[in-house]
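Since the structure comes first, as C-alpha cells, the remarks are kept for the end.
These figures come from a predicted structure and were not determined experimentally.
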Amino acid sequence: MRLLVRFMGFLFAAGTVVFLVGVGAVAGLIWHFSKDLPDYSQLQDYEPPVMTRVHAVDGSLLGEYAKERRLYLPIQAVPKLVINAFLAAEDKNFYEHGGIDYTGMARAGLVYIQNYGSNRRPQGASTITQQVAKNFLLTNEVSFARKIKEALLAMRMEKTYSKDKILELYLNEIYLGLGAYGIAAASLVYFDKSVNELTVAEASYLAALPKMPATLHPVRNRDRAIERRNYVIDRLQENGWIKQADADKARKEPLAVTNRSNGAHTFAGEYFAEEVRRDIFERYGEKKLYEGGLSVRTTLDPKIQVMARKTMVAGLVNYDEQQGYRGAMSKLDISGDWGVKLAEIKSLSDISPWRMAVVLETSDQSARIGFQPSRELGGAVSKQRETGLITLDGIKWARAATGPARGRAATAVSQVLQPGDVIYADPLYKDGNPVEGQYRLRQIPEVSGAMVVMDPWTGRVLAMVGGFSFDQSQFNRATQAYRQPGSSFKPIVYSAALDNGYTPSTVVLDAPIEIDQGQGAGVWRPENFSSGKFQGPVTLRNALRQSLNTVTVRLAQDIGMPLIGEYARRFGVYDELPNYLSYALGAGETTAMRMVTAYSMLANGGRRVKPTLIDRIQDRYGRTIFKHDQRECRGCDAPGGWKNQNEPQLIDRREQVLDSMTAYQITELMEGVVQAGTATVVKEVGKPIAGKTGTTNEAKDAWFVGFSPDVAVAIYMGYDKPRALGKGNAATGGHLAAPIARDFLKLALADKPAVPFKVPAGIKLVRVVAKTGMRAGPGETGGTILEAFKPGTAPPDNYSVIGVADADGRGGVPASQQQQPDSGFFMRPGTGGLY
C-alpha cells in the first residue's frame, strides 16, 4: 500500500512537472510567435480596393473599372440567406466560438495523421475569423507556424471586433473566381443580380466557391460545382435555415450563369465610357480610378445615345455602300467543322445586329451562310451551328467597287459571293418586317466620322459616337480627330461682325477677289462652291445661307483676322488662329466636340458652357467630390421646412462670351440656312432648327453643326487618312452630314413641341426685303421677311455700291489693293451706304 502511495505521488509529481513544462513550452511558443504578429488594429480603418462604377443619367450601368472587381457591402445590407449560406459552408458555429473551432482542429489533426506521408494537402480547420486573419494579415503559406499565428490573431481579433465586423470583412474580401472579390461583385459577375435577388441555389453556389473557385468553375467543372452547391444546400437544411421544400427546389435548379462583360454595359456607349475613364484618370490618377470605389454619374442619355449611334452608323454605311462592294474580308477553308475555324476570327462585338458569317455554298439565286458560333463562359466554342440565306435582294447594293465591272449591278449572287468568303450579314427587311431566314450582305465601311450631342444650356454631353465601332478602333473621332470644319466655322466670323456693328442686312459684294499672300506664296483666289458664279451685292443673311466664300473673305478682311481669332478663342473652336484670311473659311483644324460647344453658346444666348461628360462624382462613402453644375442656388436649403419664404433662385455667373442679341441674330441667320440654304434637308425635321454645313477643300470632310432650342449636334464624315469623299454636290456637308442630322433630330425631337427660338429683350423685328435687306415699304409683303435688329440699328432705306472695278469689269480688285482696309465693298454698319 505504502509502495502504491509512493508510486502515485511519483506520478503526480512527474505529471505536474510535465504539465508545467508543457505550459511553459506553450507559453514560450505563444511568446515566440506573438513577437512579430502583424498589427490587426489596421482592420478598423481598412479600405479595400473597390471598383469604380460609371452610370448613365437614368442610373443604368455604363462601365466598371477595377484591378480587383469588388463592391464593398456593409453587413447590414447582406441578406440573411447569403450569410447563412456562407456560415453553412465555412463555419456554422461562427457566432458561438471565440475565434477557434477546437472540434474542427481535432478533426483536421486526425485526418493529417491518417494522411501523413501521402503528400496530400492537409485539411483546413480555419474559422471565418482565422480566414480573415490569413487573408488580410498573413500569407497562404502551408505551415504550422502560419496556422499558429493565424489562431493567435483570430483570438485577439475576436476580443477587439464584433462578429458582424469580422463577417463583413470576410464577405467583402474573399476571392470567388472570374475576377470577382466579395459577394456583391460575385453576384453581379455570375448572375448579373444584386445580392438581395439571389435564390437559395445561387447563394449556395457562391458560398461553395471560397475554398476552390477554379475547381468549381460553372462550365468547365459543372457537375462538381453542382455537387458542392448541393452540399451547401444540405447544410442549410440540416441547420434549419431553409425549409425542405426550398432545399428540394434549389437542388433541382440548373446552374445557369451570366457571362457579364467587363466593358461598357450600355449599348453604343463605348466611346463615351472610355472618354469618362480618361477624364477620371487625369483628375485622380490610376489608383483612385481602379481602387477608389468612385460612383460616377455621367451625362449620357441612353435613349439619345442609341439614336445617335443608329443614325450615324446608317449614314456611314449608306455612303460606303454607294462606293461599291470591296469583296470578302478574308477566306476560310470550310472543309470539316467550319464553326470552330470561324470562331477563331475576331469579329466586332459592338455592331449588332450584324454578325460574322462564312459562305458555305452559292448559286445564281442565293448563298447559304453559316454564322460565327458563340463562346461559352469557359471559352469553349458552342456546338450550335446556325445558317441562313442571302438572296439577290440581299446583295443588290453590291456593285463592283473596282475593276472593269466597277459600278455594274450584279445579276447573280455567285457574282458577288463565293464559298469560303468571310463576311458580315444582318436580317433582311421588306416593308419594315424581317424576312425569316434571309439576310443582307454587309461590309465594314472605310469612311468614318463622329457625332456629339449636347445640352446647349449646360454643356452636358448627351450622346457621343466616336466612329463606326469601338471594337474596331478606340480612337475617338469626336474628341481626338482634328479636322477642318470648312464653312461650319463661318457663323463664328459672322458673329464677330454682328457683335461689332454689322446687321443681318449689311451688304457685301460677292465677286472675284485676289489676295497676295506675300513671301513668294503667290496670289490666293478664293472661289465659291459654284465656281464662276457671283451675285454682286448680297446681304449677310443671304451670304451665309448660300455659304459664299468671297463674301466671308471680304468680311474677314474688313473686321480683321485678329478679331476673328479672338472670337474663335472665346468659343473654344481654336486656341490660336493664324492671321490668314483662309482661316475664316475654316481652314484650321478642330474637333466635333469643340464645334458643338461653340454652337451651344450661340444657342443659349451667348453664355459660356464647358463641355462635360460627368455630372457628379462621389467617393466610396457617398461624399460628392466633383459636381459640374457650379450655379449657386439661393434658398434651396430650407431648414425647418416651408415657411412661406421666396422661391429658390439659381445664380448663373458664367461668362457672357457673346451679346445675347447677337446670338439671336446669328441663330436666325442659321435658321435661314436650314429653311432655304445649304442644309434644307434638315427642314424635314419640322421643328425650329438652326445650323450650318461645311465642306473642306477637295471634299475631304463633310460637316453639319446645328441646334434646336434644347439640343445641339455636331457631325462630320471623312476618312481617317483624309481623301476626297467624291465630287460635286454628292460630297458636300449638305448631302452627307446634314441627312444624318435630319434623321437624328427627327428621332430626338419626335415628342418635343415645336418651340421657336426665344427672342431676347431689346431686339426689334423689322420687315425687310429678303433679297436686298432694305426696309419693306408700307403694305409690301411679297419677298419680305422679319429681320432682327439691335437697338440703334435699322435696315437701310437705300444704298449705293461704291467700289473699285478692275479692268475687265468683274468687280474684283487687283491684288495690290486687297490689303487695304477700305476696299470699297462694305456697307458701313448701321448706315445705308457702302465703303
Fill in: Option among Arg620, Glu168, Glu173 that satisfies the side-chain hydrogen bond (donor to acceptor under 3.5 Å, both in side chains) test with Tyr72
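The side-chain hydrogen bond (donor to acceptor under 3.5 Å, both in side chains) with Tyr72 is passed solely by Glu168 among Arg620, Glu168, Glu173.
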Worksheet entry | Asp615 and its side-chain hydrogen bond (donor to acceptor under 3.5 Å, both in side chains) partner, picked from Arg460, Lys627, His55 | Arg460
Taking atom [atom1] of [X] as the centre, report whether more than 12 heavy atoms of other residues, nucleotides or ligands fall under 6.0 Å from it.
| X | atom1 | value |
| --- | --- | --- |
| Lys346 | NZ | yes |
| Lys341 | NZ | yes |
| Glu96 | CD | yes |
| Lys610 | NZ | no |
| Glu344 | CD | yes |
| Lys310 | NZ | no |

Would you mind reporting whether [Y] and [X] have side-chain heavy atoms less than 4.5 Å apart?
| X | Y | answer |
| --- | --- | --- |
| Tyr170 | Glu90 | yes |
| Met454 | Met593 | yes |
| Phe272 | Thr299 | yes |
| Ile242 | Ile233 | yes |
| Met464 | Leu613 | yes |

In plain terms, say whether [X] and [Y] are close enough for a salt bridge, that is, a side-chain N and a carboxylate O under 4.0 Å apart.
| X | Y | value |
| --- | --- | --- |
| Arg251 | Asp234 | yes |
| Arg229 | Glu202 | no |
| Asp337 | Arg385 | yes |
| Glu227 | Arg222 | no |
| Arg277 | Glu274 | yes |

Under 3.5 Å, is there a donor-acceptor pair between the side chain of [X] and the main chain of [Y]?
| X | Y | answer |
| --- | --- | --- |
| Lys163 | Phe94 | yes |
| Asp471 | Ser349 | yes |
| Tyr205 | Val232 | no |
| Gln305 | Leu300 | no |
| Asp301 | Lys303 | yes |
| Arg616 | Ile614 | no |
| Asn476 | Gln480 | no |
| His217 | Leu178 | no |
| Gln372 | Ile345 | yes |
| Ser126 | Gln131 | no |

Apply the side chain to side chain contact (heavy atoms under 4.5 Å, CB included) test between [X] and each candidate in [options]; give the one that qualifies.
| X | options | answer |
| --- | --- | --- |
| Leu81 | Val200, Val195, Asp246 | Val200 |
| Thr129 | Leu167, Ile166, Leu169 | Ile166 |
| Thr298 | Asp279, Thr612, Val461, Val54 | Val54 |

Worksheet item: When you look at Asp91 and Gln130, which way does the side chain to side chain contact (heavy atoms under 4.5 Å, CB included) test go after all the steps?
Response: CA-CA 10 Å; Asp91 188 359; Gln130 288 176 273; over 6 Å; no
Discussion item. Quiz question: by atom type and distance under 3.5 Å, do the side chains of Tyr271 and Arg309 form a donor-acceptor pair?
Written reply: no
Discussion item. Hydrogens and angles aside, do Asp164 and Ser162 bring a side-chain donor and acceptor to less than 3.5 Å of each other?
Written reply: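 Side-chain D/A pair, Asp164 to Ser162: absent.
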Discussion item. Please verify the inter-ring angle class for Tyr181 with Tyr175; under 30° counts as parallel, over 60° as perpendicular, anything in between as tilted.
Written reply: tilted
Discussion item. For a side chain to side chain contact (heavy atoms under 4.5 Å, CB included) check, start with the C-alpha distance between Leu198 and Ser187, then their side-chain angles and the critical distance, and finish with the verdict.
Written reply: CA-CA 8 Å; Leu198 293 174; Ser187 180; 3.4 Å; yes
Give a yes/no verdict on a cation-pi contact between [X] and [Y], requiring under 6.0 Å between NZ or CZ and the six-membered ring centre and an angle within 45° of the axis.
| X | Y | value |
| --- | --- | --- |
| Arg283 | Phe626 | yes |
| Arg235 | Tyr231 | yes |
| Arg355 | Phe371 | yes |

Worksheet item: Does the ring center of Trp354 lie less than 6.0 Å from the ring center of Phe468?
Response: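 Centroid separation for Trp354 and Phe468: below 6.0 Å.
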